[in-house]
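Numbers restart at 1 for each chain; the letters A, B, ... are given by sequence-line order, proteins then strands. If you're wondering where the values come from, they're calculated on a predicted model, not measured in any experiment.
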Amino acid sequence: MTVEPIDPASPAPSDFIRDIVAQHVAEKRYPKIITRFPPEPNGYLHIGHAKAICIDFGIARENNGQCNLRMDDTNPAKEEVEYVDAIVTDVKWLIAGWADHCLGFKPKGATPAAQTVNGRPDYHLAAASPGSGLADAEPFFASHYFDALYAFAVKLIEQGRAYVCDLSAKDTDDYRGAPDRPGRNSPFRDRSVAENLDLFARMKAGEFPDGARSLRAKIDMAAPNMWLRDPLLYRIRHTAHHQTGDAWCIYPLYDYAHCLSDYIEGVTHSLCSLEFTDHRPLYDWILESLALPRPLPHQYEFSKLRPTYTLVSKRKLIHLVTEGVSAGWLSGWDDPRMPTISGIRRRGVPASAVRRFAIGAGVTKFISTTEIAVFEHAIREELNTLAQRRLAVLKPVKLVLTNLAAGEIIACTATNNPQDETPTTRTVHLTREIFIESDDFAEVPPPKYFRLKPGGEVRLKYACIIRCDEVVKDAAGAVTELRCTADLTTRAGEPNSDRKVKGTIHWVSATECVDAEVRLYDRLFAVPEPDADGDFLKHINPHSLEVVTAKLEPSLKGATTEQYFQFERLGYFVLDPKDAQPARLVFNRTISLKDTWAKAPGGK
RNA sequence: UGCCUGAUGGUGUAAUGGUAGCACAGGCGACUUUGACUCGCCUAGUCAUGGUUCGAAUCCAUGUCGGGCAGCCA
C-alpha cells in the first residue's frame, strides 16, 4: 500500500471517534479498520455528505484501512440508478488523490458467500483488492445481500425473536404507544415459530398485498426507547427494485439491513449522524441476537455539518430544484449555486478545498452551524496556490493611450502564479486601445480611492503607469472613453520602473482580446438560515447570478475545464464544464477575491 | 410527563485534574505592479449554583437551556 503524504487539509486530526479507533488499533482488536459510507441513492450528495465522506475515508486512510462505498438501497420506491451513478462520480471526485487507495468496491456482481466459521453459519463479502484498478468492481449494495438478510431473518424467527404481524400501519402506530406511554403487545406477537416461518415464506412468495403483514422483532413494547418496541424488520412492497428487479416483494427496513450489511462487509466502525443514536441499541440487539461468529461492527455518532446560507436536507433540496428549475432561476442539481457536490464541482471548487472545509469543521456531538465564510476561506486558500493568473475585464470601459500608435504592440511579461516557487510567465500585449474595469475609474472619486480618476495616475498591471487626461462622455453623460498618456519609462526593466503609484489596475487589449460569457455567482440565499421560518424559497438571493460579456486576454482561448484561473483583482474562475464549447467561452466565477475596499465607506 | 444526547469568544474547534489555545469572522496597521497573498497587533469565551480538590472547562450533585425519538423513510 502506498502511503499518501499527509494532506494539508488533514494534519493528523484528533477527535473522540479517532481516539476510539486509535485505542482499538493499539489493542489489535481488528485485523483491519473498515468503515463505510452508506448513502441511499435517492438524491444527490451535498456538502453535508462531504463531511461524512471525509470522516469515513479519512479514518480508513489514517489506519491503512478501507472504506466501503455502499448503496443503502432498501426502499425501491424512492431510489434510482441515476443517483447511484451520480454518487459514485461524486465520491470518487472528492477522494481523488487523497483516499482512492482506501475505496472499498466489490467484484462486479458479487454477493455474500455463505460460509461456516467456528461451526456457525455466516455470510461474508470482501472488497475487491482496494485501490488496484477498480475496473471489474462496483460499489457495495445492501440490496445484494437480500438473500443473506432473509436467511438471518429466518434464524431470528426460529429463535423466537421475530414474528409476522398482521396489524395495519395505523394499528401498528396505535399499539406502539408514545414516548411517555408504553405500547401494547400486538395480538400476533405469540404466533408459533412454525406459523411465523410459514407466513414469512409466503410474504416472500408474494401471497399478500402491500402492507398486509410485516416481520417484527420481538423485543419490548414497553421499552422507553421507541426503537425497541418491536420494530419492523420487513415490509411487503410489490415494487421493482433498480438492482434486484422483480426478485423480491418484501424489503428489509433500514435498522435491520444496515447493521447486517456492516457485518457482512466486515465493517468495524460504523459512523453515522446523531439522529441514529436512538437506533444503536437496536443495531446491537439484532447483531447480538444472531450469535454471529465474526467480530461485530459498532456504531458511533457525530454531528452533521450544517453551513449557513444554504440547505443540507435532501427533501428540501429536491423541493428547491423542482421549484427553481420550473421557475427558471436554477439550472438543476448541478447548478453552480447548489450545495451539491456536483454543483460545487461545476462551480470550480477543488475537491481539496471541500475536504479542507469538511475536515476543519471537526467531529463532535455538538449540534453546530458552520459559517459559510469558513468554506469560502478554504476555497480561496486552495485556489490561491492552484490558480493561474490571467487578465480579464468584466465590465469594460474603453481607454485610449494617445501616445501609442494605432498598430503598436508592446509586449509585457505577466506572472502566471506569484505563489509558485519558481513562477512561470507569459506575454500580454499592450495596445493603443484597451479595456479597463468600469469600477476602476471614478470621475468623482470617494475618499481613499486610489484607482483612476481625471488627472490621476495608475499603473496598468504588468505594463506601465498611465495618466488620465480626458474623459469622453455620451449625450446621456455616461463615460464612453478615457484618453490617457502612457509613461513607457515605468515599464519593468525601464529606468522609472520603480516609480510608485497608489493603484494598480487590470486591463486587456481591445484589439487582441476575446469575448466570453462570464457567470458571476453569489450565495444562493440572502440570509444565514434560509429555513429558519420554514419558507426558504422566500429567501433566495435575487443577485445570486449575474451574467456579463467579458473581455479576456487571448491566452484564455486555450482554457480547459481542468484549469483553475484567477482573473486578477476579481476572483477565481473556471470554464463551465457543461456549457462551454470550443467556439464559445463560458466561465463560472467560483468565488471573488477578498475585497477590503468593497467594505470601506467609499467602496461600492 | 419517558428515553437518548449535548452546552468553551459572533462562529467552529482544542485543552483528557495543572498557563483557556487555534481557525474563521470583525477591527487597526505594515507590505504590495492583485485594495489579493503575507505579516504584526487588537476585540471576544468555559450555561448556572453548589460540592470534591492545593488546584476544576475537565470529577460529583442539582438546575437551566438546546437537539433527537411515536415512518411499513434512511
Of all the base pairs, Watson-Crick or G-U under 3.5 Å, which form stems of three or more consecutive pairs involving RNA chain B?
B:2-7 with B:64-69, B:10-13 with B:21-24, B:26-30 with B:38-42, B:47-51 with B:59-63

What is the nucleic acid contact for A:Pro418, judged by heavy atoms within less than 4.0 Å: base, sugar-phosphate only, or nothing?
base

Mind checking A:Tyr462 for me? I need base, sugar-phosphate or nothing, with any heavy atom below 4.0 Å counting as a touch.
base

Report yes if at least one side-chain N or O of A:His377 is closer than 4.0 Å to OP1 or OP2 of B:C24; otherwise report no.
yes

Checking only heavy atoms, does the side chain of A:Gln566 share a donor-acceptor pair with the base of B:U34 at less than 3.5 Å?
yes

Which is true for A:Phe450 with a 4.0 Å heavy-atom rule: it touches a base, it touches only sugar-phosphate, or it touches nothing?
base

Between A:Asp262 and A:Arg70 (salt bridge meaning N to carboxylate O under 4.0 Å), is one present in this structure?
yes

For A:Lys599 and B:G26, is the shortest distance between a side-chain N/O and OP1 or OP2 below 4.0 Å?
yes

Any luck finding a side-chain donor-acceptor pair between A:Glu382 and A:Tyr572 under 3.5 Å?
no

Tell me the interatomic distance from A:Leu391, atom CG, to B:U33, atom C1', rounded to whole angstroms.
11 Å

For the NZ atom on A:Lys365, are there more than 12 heavy atoms of other groups (residues, nucleotides or ligands in this structure) within a distance under 6.0 Å?
yes

Can you tell me if A:Asn417 uses its side chain to pair, donor with acceptor, with the backbone of A:Arg389 under 3.5 Å?
no

Given B:U34, B:U1, B:A25, identify the nucleotide with an atom nearest to the side chain of A:Asp180.
B:U1

Taking only N and O in the side chain of A:Ser368, is any of them less than 4.0 Å away from OP1 or OP2 of B:U11?
no

So what does A:Arg229 touch, heavy atoms closer than 4.0 Å: a base, only the sugar-phosphate, or nothing?
nothing

What integer distance in Å separates A:Glu382:CD from B:C37:P?
15 Å

Salt bridge (Lys or Arg N to Asp or Glu O under 4.0 Å) contacts in which one or both residues fall within residues 417-429 of chain A, not counting sequence neighbours:
A:Arg426-A:Glu553

For a quick check of understanding: with a heavy-atom distance under 4.0 Å over all strands, which category does A:Ala223 fall into, base, sugar-phosphate or nothing?
nothing

Among the nucleotides B:U5, B:C24, B:U32, whichever has the atom closest to the side chain of A:Ala373 is B:C24

For the side chain of A:Thr239 and the backbone of A:Ala77, is there at least one donor-acceptor N/O pair under 3.5 Å apart?
no

What nucleic acid atoms does A:Lys314 come within less than 4.0 Å of, heavy atoms only: base, sugar-phosphate, or nothing?
nothing

Contact class for A:Ala463 vs. all strands (heavy atom < 4.0 Å): base, sugar-phosphate, or nothing?
base

If you find the nucleotide of RNA chain B closest to A:Tyr572 and the one closest to A:Thr364, which residue's nucleotide is nearer the 5' end?
A:Thr364

For the pair A:Lys502 and A:Glu457, find out whether any cationic side-chain nitrogen is under 4.0 Å from an anionic carboxylate oxygen.
no

Kindly say whether A:Ala212 contributes a backbone atom to a donor-acceptor pair with the side chain of A:Asp166 at under 3.5 angstrom?
no

On the nucleotide B:G35, are OP1 or OP2 found under 4.0 Å from the side-chain N or O atoms that A:Arg569 carries?
yes

Does the distance from a Lys or Arg side-chain N to an Asp or Glu carboxylate O, for A:Lys170 and A:Asp174, drop under 4.0 Å?
yes

B/S/- contact track for nucleotides 66-74 of chain B, protein heavy atom under 4.0 Å
-SBSBSBSB

Establish, for the pair A:Arg184 and A:Tyr175, whether the NZ or CZ atom is under 6.0 angstrom from the six-membered ring centre and no further than 45 degrees off its axis.
yes

Does the side chain of A:Lys594 get closer than 4.0 angstrom to OP1 or OP2 of B:U34 through an N or O atom?
no

Separation of A:Ile379 atom CD1 from B:A36 atom C1', in whole Å?
16 Å

